[in-house]
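Whatever order the structure lists them in is the order used to number ligands and atoms, beginning at 1. What you see is a predicted model, and the numbers here were worked out from it, not measured in a lab.
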Amino acid sequence: MFVFKAAVVGAGTMGGEIAQAIAAADIPVVLKDVDQRFVDQGLEKARQVTGGQLAGLVKKEKLTQEQADARALQIVGRIIPATSYAEFGDVDFVIEAVPERMELKQAVFAELDAATPGHAILASNTSSLSVSEMADATSRPDKVVGFHFFYPASVMRLIEVVEGEETSPETAQAAANFAQVLRKMPIRCGEVPGFVVNRILNSAVSELWRIQEEEGIDVAEVDRIVAESKAAPMGPFYLADLLGLDTVLKVAEHLQDSYGDRFYVHQGMRELVGAGDLGQKSGKGFYEHAA
Ligand SMILES: NC(=O)c1ccc[n+]([C@@H]2O[C@H](COP(=O)([O-])OP(=O)(O)OC[C@H]3O[C@@H](n4cnc5c(N)ncnc54)[C@H](O)[C@@H]3O)[C@@H](O)[C@H]2O)c1
């Protein structure tokens, strides 16, 4: 199946960059959120990412500044902002990127089932939830698949293509092909909590979260040691702030529910989320962030 037009639902931490990755592959993409303010933020993110990528090419003398300016307009111009499903009648591939809550995802999948043509593939960027449960909200469970990007989606090349109980082989293959059109690297994986990457990442990060709380170590100190050791580009607390503490907490809770206490849920993070401090996107988390 060829994707002539795509859509992304949810223009938050992930959605704006996912739409940018699709537009940069020269495919028109609708970017929908519940409020114009969020759509605008997603568009701004796409604009910034595009500017950064093209500036890199100008610096390497692969493009002139004029070519880069024209290309930026072309890429961002392929993103169609939306707060309704009016533009979804002719889409071929949709990526849902709304917050990590099953009842919300199911509501969105039911709406997408009604708004899109019957051949359209409905994909979820979920980090850990069951694709099969989302498919239950549609009349086309064979065309529902996980399509899990990593943060930041404009840079990270991996996409986990997650097969639910009823995902057809054709859908999984079409999703893997689409990932390659986006110049990404698809890996096919089964529907297990955390899939592949978050299961590995969270088992390592769990130990750092646990020792920090048990020993009362300063979070900035943990981050500094991890970054200086070069084991990772940044420490786990700063990373969690960038990813969004509500998303990180949901994934951690889901992994603990699924696999038990070998996965740790950070109590300090739970308190921050309870207070509405979600990290970079709300301006405060483990750290303060400039707007
Ligand atoms: N943040 C990450 O690092 C990351 C990485 C990979 C996958 N994910 C997954 O991507 C999904 C989105 O995460 P995020 O971090 O971008 O969340 P986010 O909170 O930053 O953004 C979610 C966006 O969805 C919008 N939204 C809520 N309800 C909606 C609806 N009914 N219709 C349209 N838009 C709606 C919100 O207004 C918000 O702009 C989650 O499933 C998450 O697990 C997140």
(request) Pick one of side chain, backbone, both or neither for how K250 approaches ligand 1, counting any non-hydrogen atom pair under 4.0 Å. (result)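 No part of K250 is near ligand 1 at this cut-off.
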(request) Examine the proximity of ligand 1 to F149 and report which part, side chain or backbone, both or neither, has a heavy atom under 4.0 Å away. (result)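 The backbone, only.
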Hey, are [Y] and [X] close enough side-chain-wise for a donor-acceptor pair under 3.5 Å?
X    : Y    : value
S132 : E191 : yes
T171 : S168 : yes
Y287 : D223 : yes
N198 : S128 : no
Q53  : S154 : no

May I ask which of [options] has a heavy atom nearer to [atom] than the others do?
atom                    : options          : result
atom 40 (C) of ligand 1 : T247, N125, V98  : V98
atom 1 (N) of ligand 1  : L129, T13, L243  : L243
atom 42 (C) of ligand 1 : S127, G279, P152 : S127

Please indicate whether any nitrogen or oxygen in [X] is less than 3.5 Å from any nitrogen or oxygen in ligand 1.
X    : answer
F150 : no
D246 : no
Y151 : no
Y85  : no

Once the angle between the rings of [X] and [Y] is folded into 0 to 90°, is it parallel (under 30°), tilted (30 to 60°) or perpendicular (over 60°)?
X    : Y    : answer
F147 : F149 : perpendicular
Y264 : H266 : perpendicular
Y85  : F88  : perpendicular

(request) Determine the sole option in K5, R183, R78 for which the salt bridge (Lys or Arg N to Asp or Glu O under 4.0 Å) test with D26 is passed. (result)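 Going through the options one by one, the only one that passes is R78.
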Identify, for [atom], the protein heavy atom at the shortest distance, and state residue, atom and that distance.
atom                    : value
atom 18 (P) of ligand 1 : K281 NZ, 3.5 Å
atom 30 (C) of ligand 1 : V34 CG1, 3.5 Å
atom 37 (O) of ligand 1 : D33 OD1, 2.7 Å
atom 5 (C) of ligand 1  : M14 SD, 3.4 Å
atom 27 (C) of ligand 1 : P99 CD, 3.5 Å
atom 21 (O) of ligand 1 : G12 CA, 3.3 Å

(message) Once rounded to the nearest 0.5 Å, what's the spacing between atom OG1 of T13 and atom CD of Q280?
(response)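 Atom-to-atom, T13:OG1 and Q280:CD are 8.0 Å apart.
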(request) Run through D136, L122, V131 and flag the one making a side chain to side chain contact (heavy atoms under 4.5 Å, CB included) with F109. (result)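 Of all the options given, the one that passes is L122.
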(request) Evaluate the criterion ring-ring contact (aromatic ring centres under 6.0 Å, His included) for residue pair F93 and H119; output intermediate values, then yes/no. (result) CA-CA 9 Å; F93 198 103; H119 74 269; over 10 Å; no
Please list, in number order, the atoms of ligand 1 under 4.0 Å from a heavy atom of [X].
X    : value
V9   : 32 (N), 33 (C)
T126 : 41 (O)
H148 : 6 (C), 7 (C)
V108 : 31 (N)
E100 : 40 (C), 41 (O), 42 (C), 43 (O)

(message) With a 4.0 Å cut-off on heavy atoms, is A97 in contact with ligand 1?
(response)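 It does, in that a heavy atom of A97 comes within the 4.0 Å cut-off of ligand 1.
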(request) Answer yes or no for Q41: is there a heavy-atom contact with ligand 1 below 4.0 Å? (result)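 False for this residue.
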(message) If the threshold is 4.0 Å, N to carboxylate O, is there a salt bridge linking E87 and K32?
(response)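 No.
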